[in-house]
Number of protein chains: 4
Amino acid sequence: MRIPIQISNDSAEPLYYQIEVQLKALILSGQLAEGALLPSIRELAQQLACSVITIRRVYQDLENEGILRTRQGTGTFVANVGQTARDNYRTDAVLTAMKEAILTGIRVKCTDAELEELFRAALQEVRDQEKA
Amino acid sequence: MRIPIQISNDSAEPLYYQIEVQLKALILSGQLAEGALLPSIRELAQQLACSVITIRRVYQDLENEGILRTRQGTGTFVANVGQTARDNYRTDAVLTAMKEAILTGIRVKCTDAELEELFRAALQEVRDQEKA
Amino acid sequence: MRIPIQISNDSAEPLYYQIEVQLKALILSGQLAEGALLPSIRELAQQLACSVITIRRVYQDLENEGILRTRQGTGTFVANVGQTARDNYRTDAVLTAMKEAILTGIRVKCTDAELEELFRAALQEVRDQEKA
Amino acid sequence: MRIPIQISNDSAEPLYYQIEVQLKALILSGQLAEGALLPSIRELAQQLACSVITIRRVYQDLENEGILRTRQGTGTFVANVGQTARDNYRTDAVLTAMKEAILTGIRVKCTDAELEELFRAALQEVRDQEKA
DNA sequence: GTGGTCTAGACCACC
DNA sequence: GTGGTCTAGACCACG
């Protein structure tokens with residue numbers, strides 16, 4: 001099975017973290033359904049061209065968060081997460097990032113109007129980049 | 001001279017980075033004018049209750065970025081940065097953070113409307129928190 | 001891996017600077033290829049008989065200049081620098097030093113002919129010293 | 001008396017050193033004749049807008065080198081330097097700087113032809129800059 | 001007084 | 001194993 005995850009060795013973010021964020025997003029947005037079987041550690045490591053240690057950490061972290069479930073000798077599955085929990089999760093990550101961005105703006109004395117303008121500019125840029 | 005910087009030893013962000021971000025914001029928002037003399041490394045270290053070396057690193061990093069200018073035996077000053085460069089700098093940091101937040105949202109399949117809603121919610125929360 | 005760098009504790013130049021200059025030269029002259037893995041900071045520190053921290057500073061400074069790329073837990077690599085950038089870099093350092101020498105000459109009223117004579121004399125001396 | 005010395009607070013070179021180099025050049029090139037009376041420490045400090053401590057150091061360093069001569073209560077004079085000593089001095093500084101430049105070039109594997117080319121380019125640039 | 005360099009040593013995070 | 005952060009403390013150079 002092919003997991004649509006992009007990682008960058010040149011990013012400041014650690015590998016394991018890049019993978020966790022994207023895998024979590026795939027699950028919480030419903031692109032990986034509950035009960036779905038994930039690739040084995042070795043297989044995913046090969047797909048992403050990284051170390052098995054890194055993937056092992058990812059699976060373990062997400063299992064600790066209750067998002068994955070590992071059954072010995074069988075594999076790793078998407079756990080049952082309640083719909084409301086799922087919704088909260090989804091928006092929480094975004095909300096946190098938004099607040100971070102807004103705080104950055106406030107530190108350099110942006111007004112609310114400026115912040116909104118910057119939000120729109122950022123959205124525009126991201127959407128443009130998507131098409132290309 | 002008293003520099004309004006708050007640091008947290010419990011944060012995941014390294015000390016030096018917390019200080020850099022806030023100091024940069026003070027300068028780029030004009031709260032520290034061009035040519036202003038900053039506290040000596042020893043003094044700021046005492047103010048923030050951290051090591052001289054940590055402050056030295058902060059000053060040096062910002063000097064490498066062209067924001068500060070240090071002269072041995074004299075002190076550390078806010079460098080002359082052109083106004084346009086300053087403006088770009090100011091919004092760049094915010095724009096980058098905004099894009100990061102938006103990408104997080106897109107990964108969990110947020111629509112533009114949802115993103116805007118989350119932006120407004122985050123702004124509201126931050127502003128409420130400010131008053132308290 | 002053995003890196004051919006000579007340092008002198010008696011020099012007025014700081015240790016970290018001597019190392020930076022020579023390492024940069026090794027990279028920009030192509031003796032260390034793009035993507036090459038450098039010795040670990042601990043290893044190079046041992047080779048050069050200096051502190052780990054001094055080497056760390058070297059690697060970090062060169063990373064800030066975009067010449068190196070370090071990845072935590074993995075190592076430090078020669079970054080991908082465009083060939084033209086590399087060429088410019090290569091000659092820039094020399095050109096700057098040449099101009100400095102020429103300015104010194106002009107201050108003591110050397111004519112162009114004298115400067116050229118001195119250049120040839122210097123080149124001769126350096127080449128002679130090399131053989132010995 | 002007006003001494004034609006330019007200093008820059010933004011230079012990496014320490015103030016005292018910038019002044020020493022230029023003052024030495026003025027003397028060794030004959031622009032300040034043997035026996036000439038230099039400005040007082042306070043006066044030169046005012047002219048160059050720097051600390052008297054800095055000028056005191058300059059005069060003292062050059063006196064230690066035998067280039068200046070101070071008489072208590074009278075002032076500081078250009079010392080008697082033999083003509084050959086003067087000539088050696090003159091070319092020594094240039095030769096040293098040239099060798100430094102050449103060594104930089106050799107580190108990045110410049111051929112002799114390239115070095116000569118760079119020398120000519122540098123000379124051209126410096127002369128062009130002079131006219132402007 | 002200021003900043004600049006170098007040291008040793010500890011502890012953490014990543015792969 | 002790797003690099004990343006933070007510490008304390010010493011000594012030097014500059015103004």
Side-chain angles (χ1 to χ4, degrees), chain A residues 7 9 11-20 45 48-58 61, chain B residues 7 9 11-19 37-45 48-61 63 68-77, chain C residues 7 9 11-19 37-45 48-61 63 68-77, chain D residues 7 9 11-20 45 48-58 61:
Chain A
I7 61 178
N9 282 320
S11 163
E13 301 290 346
L15 276 181
Y16 85 95
Y17 186 74
Q18 297 180 45
I19 302 173
E20 279 184 20
L48 302 181
C50 69
S51 159
V52 292
I53 302 181
T54 304
I55 303 299
R56 194 168 55 71
R57 168 162 189 180
V58 169
D61 282 357
Chain B
I7 60 178
N9 284 312
S11 164
E13 300 291 345
L15 263 183
Y16 82 92
Y17 187 74
Q18 297 180 44
I19 303 173
L37 175 63
L38 294 178
S40 78
I41 53 182
R42 288 166 181 84
E43 191 183 334
L44 187 53
L48 301 182
C50 70
S51 162
V52 177
I53 299 191
T54 303
I55 302 300
R56 206 186 158 291
R57 169 161 189 185
V58 169
Y59 281 9
Q60 188 159 301
D61 282 357
E63 184 173 17
L68 295 184
R69 174 94 197 106
T70 97
R71 272 157 52 196
Q72 193 172 162
T74 309
T76 303
F77 304 83
Chain C
I7 60 179
N9 284 313
S11 165
E13 301 290 346
L15 265 184
Y16 81 94
Y17 187 73
Q18 297 179 44
I19 303 173
L37 175 64
L38 295 178
S40 77
I41 51 181
R42 287 165 181 86
E43 191 182 335
L44 187 53
L48 302 181
C50 69
S51 162
V52 177
I53 299 191
T54 303
I55 303 300
R56 204 184 160 294
R57 167 161 191 184
V58 170
Y59 280 9
Q60 189 160 298
D61 282 357
E63 183 173 16
L68 295 184
R69 173 95 197 106
T70 97
R71 271 157 52 195
Q72 193 173 158
T74 308
T76 302
F77 304 83
Chain D
I7 61 178
N9 282 320
S11 163
E13 301 290 346
L15 276 181
Y16 84 95
Y17 186 74
Q18 295 180 47
I19 302 173
E20 279 185 20
L48 302 181
C50 69
S51 159
V52 291
I53 301 180
T54 305
I55 303 300
R56 193 168 57 71
R57 169 162 189 181
V58 169
D61 282 358

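Remember, it's a predicted structure, so these values are computed and weren't measured experimentally. Every chain is numbered from 1 and lettered A, B, ... according to where its sequence line falls, protein lines coming before strand lines.
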Please figure out whether Tyr17(C) or Leu38(B) has its closest DNA chain E nucleotide nearer the 5' end.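 Counting from the 5' end, the first nearest nucleotide belongs to Leu38(B).
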
Most 5' of Glu43(B) and Ser51(C) on DNA chain E, judged by nearest nucleotide: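 Whichever sits nearer the 5' end wins; that is Glu43(B).
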
For the base of dG4(E), is there a side-chain donor-acceptor partner from Arg56(B) under 3.5 Å away?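 In this structure, the two groups form no donor-acceptor pair.
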
For [N] and [X] - does any side-chain N or O of the residue sit under 4.0 Å from the phosphate oxygens OP1/OP2?
| X | N | answer |
| --- | --- | --- |
| Tyr59(B) | dG3(E) | no |
| Thr70(B) | dT2(E) | no |
| Tyr16(C) | dC6(E) | no |

I need the [atom1]-[atom2] distance between [X] and [N], as an integer number of Å.
| X | N | atom1 | atom2 | result |
| --- | --- | --- | --- | --- |
| Arg42(C) | dT5(F) | CZ | P | 13 Å |
| Leu37(B) | dG15(F) | CG | P | 15 Å |
| Gln18(D) | dG15(F) | CD | C1' | 13 Å |
| Ile41(C) | dT5(F) | CD1 | P | 11 Å |
| Arg69(B) | dT2(E) | CZ | P | 19 Å |
| Glu63(C) | dT5(F) | CD | C1' | 15 Å |
| Ile55(B) | dT5(F) | CD1 | P | 15 Å |
| Asn9(D) | dG3(E) | CG | C1' | 15 Å |

If you only use heavy atoms from C-beta on, which nucleotide in [options] is closest to the side chain of [X]?
| X | options | value |
| --- | --- | --- |
| Ile53(C) | dT5(E), dG9(E), dT2(E) | dG9(E) |
| Cys50(B) | dT7(F), dC14(F), dC11(E) | dT7(F) |
| Gln72(B) | dA13(F), dA13(E), dT7(E) | dA13(F) |

Just to be sure I understand the rule, does Arg57(A) reach a base, reach only the sugar-phosphate, or reach nothing, if contact means heavy atoms closer than 4.0 Å?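 Answer is sugar-phosphate: Arg57(A) comes under 4.0 Å of backbone atoms only.
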
Regarding Leu15(A), tell me which of base, sugar-phosphate or nothing describes its non-hydrogen contacts under 4.0 Å with the strands shown.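 Sugar-phosphate contact only - Leu15(A) comes under 4.0 Å of backbone atoms but never of a base.
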
Rounded distance [0.5 Å steps], [atom1] in [X] versus [atom2] in [Y]:
| X | Y | atom1 | atom2 | result |
| --- | --- | --- | --- | --- |
| Tyr59(C) | Thr76(C) | OH | OG1 | 5.5 Å |
| Ile53(D) | Leu15(D) | CD1 | CG | 12.0 Å |
| Arg57(B) | Gln60(C) | CZ | CD | 4.5 Å |
| Ser51(B) | Arg56(B) | OG | CZ | 11.0 Å |
| Thr54(A) | Gln18(A) | OG1 | CD | 10.5 Å |
| Leu48(A) | Ile7(A) | CG | CD1 | 5.0 Å |

Residue met sooner reading DNA chain F from 5', once Gln60(C) and Thr74(B) are mapped to nucleotides: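 Its nearest nucleotide lies further toward 5', so the answer is Gln60(C).
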
Please compare Thr54(D) and Glu13(B) by the position of their nearest nucleotide in DNA chain F and report the one closer to 5'.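 Nearer the 5' end of the strand: Glu13(B).
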
With both distances under 3.5 angstrom, what nucleotide forms a Watson-Crick or G-U wobble pair with dC14(F)?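 Here dC14(F) is engaged in a pair, and the nucleotide opposite it is dG1(E).
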
For dC6(E), give its Watson-Crick or G-U wobble partner with both distances under 3.5 Å, or none.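 WC or wobble partner is dG9(F).
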
